[in-house]
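Notes to accompany the following structure.
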Amino acid sequence: MPHPRKVYTCTQCGSESPKWLGRCPGCNEWNTYVESAPVRKETRRHPVSGVQELSRVTNNVLPRLRLPLSEFNRVLGGGLVPGSVVLMGGDPGIGKSTLLLQVAGPIAAGEGNVLYVSGEESVHQIKLRAERLGMPGERLFLLPETELETILEHAEGANPRLVIVDSIQTVYIGELGPAAGSVAQVRECTSRLMRWAKRSNVPVFIVGHVTKDGVIAGPHTLEHIVDVVLYLEGERFSTYRLLRGVKNRFGSINEVGVFEMSDAGMVEVENPSEIFLSQRARHATGSVIVPIVEGTRPLLVEVQALASPTPFGMPRRNSNGVDYNRLLMIAAVLSKRAGIPLGSQDIIVNVAGGIRVNEPAADLGIALAIASSYRNAEVRSGLVALGEIGLGGELRSVSHLEKRLAEAAKLGFKTCLLPPVKAGARIPPDIEILPVVSLAQALRKGLEREGDSGSD
Ligand code: TYD
Ligand code: MG
């Protein structure tokens, strides 16, 4: 028998190391390493189920379980695959329990028993929430329990169509010691739930809180075990929530579903572009519409910028919804290549609606918004902007062009500032292209009139 070795595991990202580290090389977080039992290799051989030739494997699998929310189905790639385990991660309070309860109710009503295991809330609290959601709750069985074996026994007995475990950090296995939420506990509990799901062909939702302290293991430590990983995201003070797929063994990743948190739970947002643009001020400087693509879905967002003279010393840059380093790069290129001296300007960039924009395709929109605010010049009306900015001030083309332009045209935008497109690219007929090769040229074509530089 080899000597059992110690393992240290990062509670944030799950990286492992044979010795304790102050800073995790995987996720750069400090003080997140904890000692964890090495994963026990199972010594007993299971009866082997037999080798099968791929061509002889039959495909008479059960159909997917469609969820009552089409935004949710979209992210899953068309419903829940029987026997799959789906991890739903997100910050505490973002709405994970609410969303899953909203899924559970109609499935219980229409499809069969649903078992909702809650280690966080009492049945009365869940009842209150269900009342708020207007859900009677027939065939929806609540189980306030945290011991995994007991949970699995109940799951066997309940003959469920769906099991929800809320949250994995509250569940524990007695043999592994008392501390629920440790890396070893959450991983082993997830693996056992996974085995149960595969054996019984029942899909399981697992809730995992994104944790800030280093003691409780976060959902990243489970991503490699489960079939599907979804994250529910949103800015704290915004009511919009994005459900994002980051791993999916049965569908495409990077799909997003958009919801709005209301008094009566999560409401699907079918036309997110309209919502994100609905509160836009007309004729404002420093505001540009950019057609981004989230997953496979185009989305129009408003990028806002404010440039104002620095009162003293160091100019400051502040980014909300845009990568900070990207903003520094764009500001530097604007100064150096497009004649917008930003060296003594504070710059604030914000994406309305609490959306995060990570695409280089939004560079031109960000630059245009900053220049518009700096010069106090409005952006041409009915205009959207697309293009990646290079360090020389040159503009590069973007992916998914047709989709983005179609979405912009659908919402009534008439023109698009765009680097030259390849011959043969399909452009929707109802939008006019303003081809631009450099940032300086884009500012000339995109801004209405050039007012005095200075404060807005
Ligand atoms: P919850 O689902 O408990 O979050 P999580 O499970 O991710 O921790 O959501 C909690 C928040 O949602 C809470 O601040 C109240 C709010 N909420 C609404 O705004 N509307 C509703 O209908 C419900 C049930 C909750
Ligand atoms: Mg919850």
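Both counts, for ligands and for their atoms, begin at 1 and track the order of listing.
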Could you work out, for [atom], the closest of [options] by heavy-atom distance?
atom	options	result
atom 2 (O) of ligand 1	Asp91, Thr98, Leu133	Thr98
atom 21 (C) of ligand 1	Gln102, Arg132, Lys96, Arg129	Arg132
atom 20 (N) of ligand 1	Gly265, Ser262, Ala130	Ser262

Considering only the protein, which heavy-atom contact is closest to [atom], and what is its distance?
atom	value
atom 4 (O) of ligand 1	Gly95 N, 3.1 Å
atom 6 (O) of ligand 1	Ser97 OG, 2.6 Å
atom 11 (C) of ligand 1	Gly93 O, 3.6 Å
atom 17 (N) of ligand 1	Met261 CE, 3.7 Å

Q) So, are Glu407 and Lys410 salt-bridged, with charged N and O less than 4.0 Å apart? A) yes
Q) Looking at Glu175 and Arg192, does any basic side-chain N land under 4.0 Å from a carboxylate oxygen? A) yes
Q.
Pairing donors with acceptors under 3.5 angstrom, does anything connect the side chains of Ser287 and Glu302?
A.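 There is such a pair (donor and acceptor under 3.5 Å, judged by atom type) between the side chains of Ser287 and Glu302.
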Taking atom [atom1] of [X] as the centre, report whether more than 12 heavy atoms of other residues, nucleotides or ligands fall under 6.0 Å from it.
X	atom1	result
Asn325	CG	yes
Lys247	NZ	yes
Arg316	CZ	no

Q | Atoms in ligand 1 flagged as close to Ala264, the criterion being non-hydrogen separation under 4.0 Å | A |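 Here the atoms of ligand 1 in question are 22 (O).
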Q. What atoms of ligand 1 come closer than 4.0 angstrom to any heavy atom of Pro92?
A. 8 (O)
Q. For Arg317, which of Ile348, Val349, Leu342 qualifies under side chain to side chain contact (heavy atoms under 4.5 Å, CB included)?
A. Leu342
(Q) Please work out, at 4.0 Å between heavy atoms, whether the side chain, the backbone, both, or neither of Leu232 comes within that distance of ligand 1. (A)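 No part of Leu232 is near ligand 1 at this cut-off.
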Q. Mind checking whether the Mg ion (ligand 2) has an N, O or S of Ser167 under 2.8 Å?
A. no
**Q.** Contact bool for atom 24 (C) of ligand 1 (protein heavy atom, d < 4.0 Å)
**A.**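 Looking at atom 24 (C) of ligand 1, one finds that a protein heavy atom does lie closer than 4.0 Å.
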Q: Specify whether His220 and Tyr231 have parallel, tilted or perpendicular ring planes, treating 30° as the upper limit for parallel and 60° as the lower limit for perpendicular.
A: tilted
